[in-house]
Every structure is written in C-alpha cells, then in structure tokens.
Amino acid sequence: MTKRIIDPFLPVDEDGYYGQFGGAYIPEILHSNVERLKEAFEKYADDPDFNAEYEQLLKDYVGRPTPLYHAKRLSEHFGTNIYLKREDLNHTGAHKINNAIASVLLAKRMGKPRIIAETGAGQHGVAVATVCALMGLDCVIYMGATDVARQRPNVERIKMLGAEVRPVTSGNMTLKDATNEAIRDWCCNPQDTFYVIGSTVGPHPYPQMVARFQSVISREIRKQLKEQTGSELPDYVVACIGGGSNAAGAFYHFLKEDNVKLVAAEAAGLGVDSGESAATMKLGKEGIIHGSRTLVMQTEDGQITEPYSISAGLDYPGVGPLHAYLATSGKAEVLAVTDDEALEAAMLLTRLEGIIPALESAHALAVLKQKKFGKDDVVVVNVSGRGDKDMDTYLSKMKIEK
Ligand SMILES: *Cc1c(COP(=O)(O)O)cnc(C)c1O
C-alpha cells in the first residue's frame, strides 16, 4: 500500500485533491506506473542524500540562488516597491530547470534509463534534454508539429543536446497533443521510462511533486526579502500561469500566510471574450484533462476548446488543480492579460530596467499596470524566464527595426 504523501504547505489531501480539483484520472494501464512514482516521491522527497545532490546542482549548475532585484525605476514608475525574482537568470533561461533536475534525479534513483517529456514553447524540452545530457540518459521530447515549426531555435538546442524530438501531428499539433502522445509512450514503456511533466498538471502526484520541486523560488524570496527589507513577507506575490509551475513555486511558502496576497496572471490573448484566449480560470468549467480534474476551456458539450495566446508557454486549455482551487476559493486573485498588455509590459521592463523578459513573464509584469498598489506595498513579481526565445515576436509586433 502506498503511504500518504503529505505536504506541510500545499492545501492537498492524500489522494491529490485541492478542494474538488486534482486526483488521478488515468487508464488502468498507467495505474502501477503512477503508484511506483508516488512511492519514489514519498521515499526521496525528504531524503537528505537526494536533497543534497539536488541543492548542489541548483547552486553550481543552475546558478542559484537567483537574485531578488529591487527594480527602482520600475518602482518609481508605478509608485510602489517592486522586487523581481530573477528566474530568467537560471541556466537554460527559465524556472523549468528546477523541476527537470529533481525529476531526473528521481528517475535515476528509480533505475529508469529513458526519459520522456512534452514541450510547447520548447523551454521544458530544453531543460529536460539538458539534464539528460548532464546525466547521460536517453531522452525523447514530444512536441506538436506546429510548435516544432514556430520554435525552431529550441528544437535545434534539444537536438544538439542529444535528445530526439518527435513531432506530433494529431489535433491542433500543439502542447495538448504533445502531452497526449507522451502519456501514450509512458503507457507502452512502463519498465524503463520516466515521464517528466513540465508543469503542475497531470495526475497526482505530479502537481504536488512539481510544486515541491519549484518551491525553492519562494524559499529564496523569503530569505532575500528579509535581508533587503527586514521582513520575510511581501504584500503581494505576482506570477503568470500556464499550467502553474512558476506560480506554484513563487506562492508555495506564502500559501499559509494570510497577509500575503497572491496574484495570478493568465493569458487573455486577443481578449477574454474574443474567442481567442487561454484564460482558463476565467472561462473554464470543471472537467478532466491529462489525468486531473480541473478547470478546462470547453464547449457546452465538453469538447476542449483550442486556446490562443501570443505566448506559447501560456497556450494551454487547462490549469493545474492547485490554481483551480486557489482561483475558485478566492485565495488567489486572477487577472487576465491580453497580448498587447503583455507586449507593453515587456517593453517597459526592457527600457526601464534593461531586462528583456520572456513573453510569459511579461503577463505577470502587466499586472503592475492593471492593479493599483500602495506606495508602501512590497510587490514581488516572478520573472519566470528570459526573452531570447521571443525576439522574433517582439521585433515584429513592436515594429523595432532589425
Ligand atoms: C513554461 C513557461 C511558463 C508557463 O508554465 P508554468 O508551469 O505556468 O510556469 C512561464 N514562463 C516561462 C518562462 C516558461 O518557460
């Protein structure tokens, strides 16, 4: 019998439910894979050797702790106190590597020589391929054919790192379809294969496990804020949400602090009511996607609707069960940010602070304009990644001369 996986910070029960959301809605054939994974996570989550190896790599390989930067010109512009958590400075350019390292370490402990993953914009694919190169493991990355075409630099990086990219041609040929294909692979190869999910989505224990592996973000924020302001607690923590992993990491150590307000920015695309958005927490209805009961963008008769956002990393028709719970219970405030608002926020950060953010992170930064903050408020914004991968979009949309 699997032991309970308890977590001191997350509002999760032993079956992986966050309120009515979460659980593990999986075909029978995956049952034993998921049980073995739960056992391994239970065994190693608090294991000193596992955590020592993980933390050493975070420090020496990823470059952690990432800075918490007091953005003075941005603060002045908005009349408040803004601190940026610089996940963009991680090796490979985003927060995804935090989870990739811990997950692959777990796979090694379980004796699995083959790693698979899904990817949308390619950031998770690059992170997993990187860690597999580091540890000498076979790696297959599933990617929708549409994304393979529009995210060429990341596809090239994955291949150079020695991983195989398998283009997926079903459905819309994007992230949702790549995830289906990765799950199918996992079903067929239960013995030797470990599936590294890139966000706080999928069947239990994935959402809990990925939140835990990203929680280093808020652990550092508390310590760094204490050093810089004298208090560990900000008034607000702001993060963008695709599936929810960078937000889960940034919120994790504040979830039980009643005085810290959590703000989640999701992608409104061309507008929440335009029919072209990925605003799952505003528009979604309860349903099941990729093994989890959560909010899903769907038609009246339960067909999943195709999401749209300028940002490939936020372009997902579901959301992690933790965030579905935080949003519906009012524990987090959800704001929807359009493509144009994100582009404007990216330009403002670039010109005021000399930091070009990822398009995903620009959605979090756009909250600074949407919401009014007090002059004494301390606002932490998680800058989940850097903008290198988005330069073509920025240049074409903002009419900057090449
Ligand atoms: C993948 C990605 C996201 C969205 O994923 P979450 O799991 O919601 O964090 C956000 N920002 C960056 C830079 C990403 O690469």
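Indexing begins at 1, ligand by ligand and atom by atom, following the structure's order. This chain uses plain numbering: 1 for the first residue, then up along the sequence. Computed from heavy atoms alone, side chains included, the values below leave out hydrogens, waters and symmetry copies.
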Task: G385 neighbourhood, listing ligand 1 atoms whose heavy-atom distance to it stays under 4.0 Å - done: 13 (C)
Open item on the list: Counting non-hydrogen protein atoms only, what is the nearest one to atom 7 (O) of ligand 1? Give residue, atom name and distance.
Closed with: S199 OG, 2.5 Å
Open item on the list: How long is the straight-line distance from CD of E333 back to NZ of K371, given to the nearest 0.5 Å?
Closed with: 3.5 Å
Task: G242 N/O to ligand 1 N/O under 3.5 Å - done: yes
Task: Residue Q191 excluded, over 12 heavy atoms near CD under 6.0 Å - done: no
- [ ] Answer yes if the side chains of D47 and N51 hold a donor-acceptor pair under 3.5 Å, and no otherwise.
- [x] no
- [ ] Can you figure out which of E87, K96, H95 has its heavy atom closest to atom 1 (C) of ligand 1?
- [x] K96
Task: Mode of N246 contact toward ligand 1 - side chain, backbone, both, neither (heavy atoms, under 4.0 Å) - done: both
- [ ] Answer yes if the side chains of N154 and Q123 hold a donor-acceptor pair under 3.5 Å, and no otherwise.
- [x] yes
Open item on the list: Is a donor from one side chain sitting under 3.5 angstrom from an acceptor on the other, for R166 and Y142?
Closed with: yes
Task: Nearest neighbour in protein (non-hydrogen) for atom 10 (C) of ligand 1 - done: E360 CB, 3.4 Å
TODO: Give the residue and atom name of whichever protein heavy atom lies nearest to atom 12 (C) of ligand 1, and the separation in Å to one decimal.
DONE: S384 OG, 3.5 Å
Open item on the list: Under 4.0 Å from a heavy atom of Q123: which atoms of ligand 1 are those, numbered in the order shown and with their elements?
Closed with: 15 (O)
- [ ] Taking only heavy atoms of G313 into account, list the atoms of ligand 1 that are under 4.0 Å away from them.
- [x] 4 (C)
- [ ] Check whether any heavy atom of G243 sits under 4.0 Å from an atom of ligand 1.
- [x] yes
Open item on the list: For atom 6 (P) of ligand 1, what is the closest protein heavy atom, and at what distance to 0.1 Å?
Closed with: S245 N, 3.3 Å
Open item on the list: Is there a side chain to side chain donor-acceptor pair (under 3.5 Å) between D301 and T299? Walk through the geometry before answering.
Closed with: CA-CA 5 Å; D301 53 359; T299 59; 2.6 Å; yes
Open item on the list: Does atom NZ (K282) have a neighbourhood of more than 12 heavy atoms from anything else shown, all under 6.0 Å?
Closed with: yes
Task: Pair N90, E87: side-chain N/O donor-acceptor within cut-off below 3.5 Å - done: yes
Open item on the list: I need the atoms of ligand 1 closer than 4.0 Å to a non-hydrogen atom of I241, numbered in the order shown.
Closed with: 8 (O)
Task: Subset of ligand 1 atoms that lie under 4.0 Å from at least one heavy atom of G244 - done: 6 (P), 7 (O), 8 (O)
- [ ] Answer with yes or no whether the side chains of E35 and S32 bring together a donor and an acceptor at under 3.5 Å.
- [x] no
Open item on the list: Within ligand 1, which atoms have a heavy atom of C240 less than 4.0 Å away?
Closed with: 10 (C)
